Protein chains: 2
Amino acid sequence: MDVARGEVLVISTSVACRSCQARHGVFCGALSAGQLSELGRHSLRRKVDAGCEIIAQGSENSFYSNITRGVVKLCKVMSDGRQQIVGLQFAPDFVGRPFVRESTLSAEAATDAEICVFPRNLLERMILETRELQRSLHAQALNELDAAREWMLTLGRRTAEEKVASLLHLIAAHAETATSTAFDLPLSRAEIADFLGLTIETVSRQLTRLRKEGVIRIENIRHITVPDMDALAKKISG
Amino acid sequence: MDVARGEVLVISTSVACRSCQARHGVFCGALSAGQLSELGRHSLRRKVDAGCEIIAQGSENSFYSNITRGVVKLCKVMSDGRQQIVGLQFAPDFVGRPFVRESTLSAEAATDAEICVFPRNLLERMILETRELQRSLHAQALNELDAAREWMLTLGRRTAEEKVASLLHLIAAHAETATSTAFDLPLSRAEIADFLGLTIETVSRQLTRLRKEGVIRIENIRHITVPDMDALAKKISG
DNA sequence: ACGGAGATTTGATCTGGATCAAATCGCAAT
DNA sequence: ATTGCGATTTGATCCAGATCAAATCTCCGT
């Protein structure tokens, strides 16, 4: 992680960082007070701008983090430049691949975000020591695996229109607003294309097609409203 | 699982089934002698024919199993019949999705296979009791997640020729022969198409193209030899 | 060996999405 | 307000892979 690209907000020194304790999914209820305190002494809360690379593909996994705000995209790039987003993570997901030296993907903030960073060694020690943390990370890994496999079906077998509708549905499900019929897209058209295995032109055309069909309204480039969520769901063949 | 479709080989009664102890990846070294014995008393070694459905999509997860021989495909089917293979599993992989009631995918023997089946409740209890088993299943989940994400790149961004070469490479890597330059395909052309998000015609054409280029030899429909593994690898853009 | 049915290959044509090209939009800096 | 530039949309054309159609091949049962 290039510290110069993000702004360090807080370096906790003697106690666990309070805002993190409450919001960090995998640690919630998994660690003792003493462990939280130790983790807090070594954790770093960071604010990262959209586009900031948190983990580089091929780099060493020397730290892990939790997302406390914003959206993070997981991306794989081929040597000729083709790339594929292989996962989106939202607060309070855990970011990183325990027990493997080199990262096979990059993690990049898709929106402005806040993360809480822990050193690799400390976290791996705590995983081995603490059954509940192991269980919690295992559960997240299984959920991500389910999501990845669901997305494999989308990538392999759905049409462009179904792909775009699937993505809108996914984002709506994670939107923080209570209504979730209106939400901001955390991704640019190019990123959407990289997630769906399409080109930006096709993404754009399918969005305008959904707009013309009345399934969505494009309030502005990054903001969508869905008058009838069922109509959107019907665009995705089960 | 429809018992009528498979043949029960052994019902272990008073000791853990010996052939399983040695070969079951996730249990190897993870369970105590007493636990292995208990597991053995409740496990069932089964021989399943190619095509036998081990877990049905949408069914209740009422048991788990380990593969002791053969290849199992994980498959998702859409209501209109389109389908996508989302994973291949080889001995000694663990099959099943702990902690979730309903299966979101089906597991089917791709080749004749042998599996060892355990009841859900027993296994989930042992996972909670036994840190080492939890760790071992966590590790498998993370490996499967890596594989799924690698495959997402293939599905979203590689060409048909690259996809077919990727699959051959994957299968060669899991082939049991020491040389691994000659191997049997565990999948039919239709299954390959479902794995790669292609049609059978395209798969067939790409295979004959690789044959004409001298990258592979098709000894017979299910048996391939690769004279030069590097030549095959070069067909897959990194 | 013979028939037959499914699996695979091969051929001809079509098409969804890619590519190439050109507006237009959005917005930050002046 | 004006300029400039990257992001997005829209249009025209192309092509990889799908679809439709027809041989072959495999292998099983008789």
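Sequence lines set the chain letters: A, B, ... in the order given, protein chains first and strands last, and positions in each chain run from 1. Computed from a prediction, not measured in an experiment: that's the story for all the values here.
For the pair B:Asp146 and B:Glu150, the minimum side-chain heavy-atom distance is 4.5 Å or more.
At its two ends the helix from C:dA1-D:dT30 to C:dT30-D:dA1 runs along axes set 40° apart, each axis drawn from five pairs and the angle rounded to 10°.
Taking every heavy atom of residues 151-163 of chain A and every atom of DNA chain C, pairs under 4.0 Å involve A:Thr159, A:Ala160, by number. Sorted by residue number, the members of residues 200-209 of chain B with any non-hydrogen atom under 4.0 Å from DNA chain C read B:Glu201, B:Ser204, B:Arg205, B:Thr208.
Residue B:Ile218 contributes atom CD1, which lies 11 Å from atom P of C:dT8 at whole-angstrom precision. Per the geometry, CZ belonging to B:Arg82 stands 13 Å off C1' belonging to C:dG16, to the nearest Å. In this structure, A:Arg189 places its CZ atom 14 Å from C1' of C:dT24, rounding to the nearest Å. Separating the CG atom of B:Leu185 from the C1' atom of C:dT8 is a distance of 13 Å, rounded to the nearest angstrom.
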*Start with the C-alpha distance between B:Arg189 and B:Leu207, add both sets of side-chain angles, then the distance that settles side chain to side chain contact (heavy atoms under 4.5 Å, CB included), and finish with yes or no.*
CA-CA 10 Å; B:Arg189 300 292 186 270; B:Leu207 282 170; 3.4 Å; yes

*Using the ring pair (Phe, Tyr, Trp, His ring centres under 6.0 Å) rule, take A:Tyr64 and A:Phe94 through it: C-alpha gap first, then chi angles, then the decisive distance, then the call.*
CA-CA 8 Å; A:Tyr64 300 108; A:Phe94 173 85; 5.6 Å; yes

*Can you list the steps and then say if B:Leu168 with B:Leu210 is a side chain to side chain contact (heavy atoms under 4.5 Å, CB included)?*
CA-CA 11 Å; B:Leu168 294 177; B:Leu210 288 172; 4.0 Å; yes

*asked:* Between B:Gln89 and B:Leu74, is the side chain to side chain contact (heavy atoms under 4.5 Å, CB included) condition met? List the steps.
replied: CA-CA 8 Å; B:Gln89 301 200 286; B:Leu74 305 180; 3.7 Å; yes

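Ion pairing between B:Lys73 and B:Glu108 holds under the 4.0 Å rule for side-chain N and carboxylate O. The existence of a salt bridge linking A:Lys47 and A:Asp112 is excluded, since no basic side-chain nitrogen approaches an acidic carboxylate oxygen closer than 4.0 Å. For A:Glu60 and A:Arg97, the salt-bridge test fails: no basic side-chain N is under 4.0 Å from an acidic carboxylate O. Looking at A:Glu162 and B:Arg82, a side-chain N of the basic residue comes within less than 4.0 Å of a carboxylate O on the acidic one, giving a salt bridge.
Heavy-atom contacts of chain A under 4.0 Å fall on DNA chain D between two terminal nucleotides, which in 5' to 3' order are D:dT8 to D:dA12.
Counting only residues at least two apart or on different chains, no salt bridge (charged side-chain N to carboxylate O under 4.0 Å, His left out) pair has a member in residues 220-230 of chain A. The ring-ring contact (aromatic ring centres under 6.0 Å, His included) analysis of residues 178-222 of chain B, with sequence neighbours excluded, yields the pairs B:Trp151-B:Phe195.
Nearest heavy-atom pair, B:Ala165 versus B:Lys235, reported as atom, atom and distance to 0.1 Å: CB-CB, 3.7 Å. For the pair B:Gly58 and B:Glu102, the tightest heavy-atom approach, listed with the atom from each and the gap, is O-CG, 3.2 Å.
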